[in-house]
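Read through the structure below, which is laid out as structure tokens, and then see the notes.
Residue numbers count from 1 along this sequence.
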Amino acid sequence: QVQLVESGGGLVQPGGSLRLSCAVSDRTLDYYAISWFRQAPGKEREGVSCISATDDSKYYADSVKGRITISHNYADNTVVLQMNNLKLEDTARYYCAAPGRSSCGTAWSRDMDQYYYWGRGTQVTVSS
């Protein structure tokens, strides 16, 4: 059973930074890609980033490229989402999720049905 627990959300001013973590159950990072999604009130859930287990390939939504970095932290079994230069439109609840495979694939953000495991999310609010 894959378990995912997000942390690190909070209130930050525009231009600020946050570091989100997705803590995963043992060996998950060896076998599963991990994606981050976000959902703002009244909007559909959208993909933010994905990192593959196999070759460490990384994918980013166009809206966050250059501002967000995803990485594995094997020491504490987490996937980290470093978010810099945050904007008002980054306000959302952020979720990590794992598909039933080790690679992200080019369609990583387009089909929610491919994600079998989800965390409960962490809230990010960007406000002045």
Side-chain angles (χ1 to χ4, degrees):
Q1 181 72 15
V2 175
Q3 295 181 334
L4 309 169
V5 180
E6 303 91 339
S7 63
L11 175 64
V12 64
Q13 292 185 339
S17 298
L18 279 176
R19 181 180 173 93
L20 305 185
S21 291
C22 175
V24 305
S25 43
D26 286 347
R27 308 302 304 276
T28 297
L29 297 185
D30 294 334
Y31 298 111
Y32 293 94
I34 299 293
S35 291
W36 281 94
F37 288 83
R38 66 185 181 186
Q39 188 165 20
K43 294 187 176 180
E44 292 187 353
R45 192 168 294 191
E46 64 169 343
V48 176
S49 184
C50 183
I51 186 167
S52 294
T54 47
D55 59 2
D56 216 36
S57 297
K58 300 171 185 179
Y59 300 82
Y60 298 96
D62 288 342
S63 58
V64 304
K65 279 181 182 175
R67 302 189 296 117
I68 287 181
T69 303
I70 192 170
S71 60
H72 288 124
N73 184 333
Y74 293 101
D76 59 7
N77 236 22
T78 60
V79 172
V80 175
L81 195 71
Q82 178 66 44
M83 306 192 297
N84 301 320
N85 191 21
L86 284 163
K87 303 178 180 182
L88 296 175
E89 53 264 38
D90 293 319
T91 295
R93 190 163 185 84
Y94 284 69
Y95 301 87
C96 58
R101 62 180 186 272
S102 58
S103 61
C104 294
T106 55
W108 65 273
S109 65
R110 292 199 293 269
D111 181 8
M112 299 300 113
D113 289 343
Q114 65 183 306
Y115 288 92
Y116 298 159
Y117 309 103
W118 290 84
R120 294 185 176 183
T122 184
Q123 179 67 34
V124 171
T125 302
V126 184
S127 175
S128 55

- [ ] Identify the two heavy atoms, one from His72 and one from Tyr74, that lie closest to each other, and give their separation to 0.1 Å.
- [x] ND1-OH, 3.1 Å

Open item on the list: What's the separation between atom CG in Asn84 and atom OG1 in Thr69, rounded to the nearest 0.5 Å?
Closed with: 6.5 Å

- [ ] Kindly give the heavy-atom pair with the smallest separation between Val80 and Ser21, and that separation in Å.
- [x] CG2-OG, 4.2 Å

- [ ] Could you go through the side chain to side chain contact (heavy atoms under 4.5 Å, CB included) check for Val64 and Ser49 one step at a time?
- [x] CA-CA 8 Å; Val64 304; Ser49 184; 5.6 Å; no

TODO: Enter the distance from Asn73:CG to Cys22:SG here, rounded to the nearest 0.5 Å.
DONE: 12.0 Å

TODO: Locate the shortest heavy-atom distance separating Trp36 from Ile70; write the atom from each residue and the value.
DONE: CD1-CD1, 3.8 Å

TODO: Determine yes or no for a side-chain-to-main-chain donor-acceptor pair under 3.5 angstrom, with Glu46 supplying the side chain and Ala61 the backbone.
DONE: no

Open item on the list: Within this structure, what is the CD-CZ distance for the pair Gln39 and Arg93, rounded to the nearest 0.5 Å?
Closed with: 10.5 Å

Task: Whether Arg110 side chain and Gly47 backbone form a donor-acceptor pair below 3.5 Å - done: no

Task: Derivation of the side chain to side chain contact (heavy atoms under 4.5 Å, CB included) call for Arg45 and Trp118 - done: CA-CA 13 Å; Arg45 192 168 294 191; Trp118 290 84; 3.1 Å; yes

TODO: List the steps and the verdict of side chain to side chain contact (heavy atoms under 4.5 Å, CB included) for Ser7 and Thr122.
DONE: CA-CA 6 Å; Ser7 63; Thr122 184; 5.6 Å; no

Task: Check: Trp108 main-chain N/O paired with Tyr115 side-chain donor or acceptor under 3.5 Å - done: yes

Task: Gap between atom CD1 of Ile68 and atom CG of Leu20 - 0.5 Å precision - done: 8.0 Å

- [ ] Answer whether the closest heavy-atom distance between the side chains of Gln123 and Thr91 falls below 4.5 Å.
- [x] yes

Task: side chain to side chain contact (heavy atoms under 4.5 Å, CB included) evaluation trace for Val2 with Val24 - done: CA-CA 7 Å; Val2 175; Val24 305; 5.7 Å; no

Open item on the list: Any non-hydrogen side-chain atom of Tyr95 less than 4.5 Å from a side-chain atom of Leu4?
Closed with: no

Task: Rounded distance (nearest 0.5 Å) linking atom CG of Leu88 with atom CD of Gln13 - done: 10.5 Å

- [ ] State, to 0.1 Å, how close Val124 and Gly9 come at their nearest heavy-atom pair, and which atoms those are.
- [x] CG2-CA, 4.2 Å

Open item on the list: Could you check whether Lys65 pairs with Asp62 (Lys NZ or Arg NE/NH1/NH2 to Asp/Glu carboxylate O, under 4.0 Å)?
Closed with: yes

Open item on the list: Please find the pair of heavy atoms, one from Ser52 and one from Cys104, that lie closest to each other, and give the distance.
Closed with: OG-N, 2.9 Å

TODO: Using atom types as modelled and distance alone, determine if a side-chain donor or acceptor of Arg38 lies under 3.5 Å from a backbone N or O of Ala92.
DONE: no

Task: Any donor-acceptor N/O pair, Tyr116 side chain to Arg101 backbone, under 3.5 Å - done: no

Open item on the list: When you measure from the side chain of Ser102 to the backbone of Ala53, do you find a donor-acceptor pair of N or O atoms at a distance under 3.5 Å?
Closed with: no

Open item on the list: Taking Tyr59 as the starting point, is it possible to reach Tyr32 by hopping between hydrophobic residues whose side chains are less than 4.5 Å apart?
Closed with: no

- [ ] Say whether Phe37 and Val5 are linked into one hydrophobic cluster, either directly or through other cluster members, by side-chain heavy-atom distances under 4.5 angstrom.
- [x] no

- [ ] Report yes if the side chains of Leu11 and Ser127 come closer than 4.5 Å at any heavy-atom pair, otherwise no.
- [x] yes

TODO: Could you pull out the closest heavy-atom pair between Leu86 and Arg67, with the gap in Å?
DONE: CA-NH1, 3.9 Å

Open item on the list: Distance check, rounded to the nearest 0.5 Å: Gln1 atom CD versus Thr28 atom OG1?
Closed with: 9.5 Å

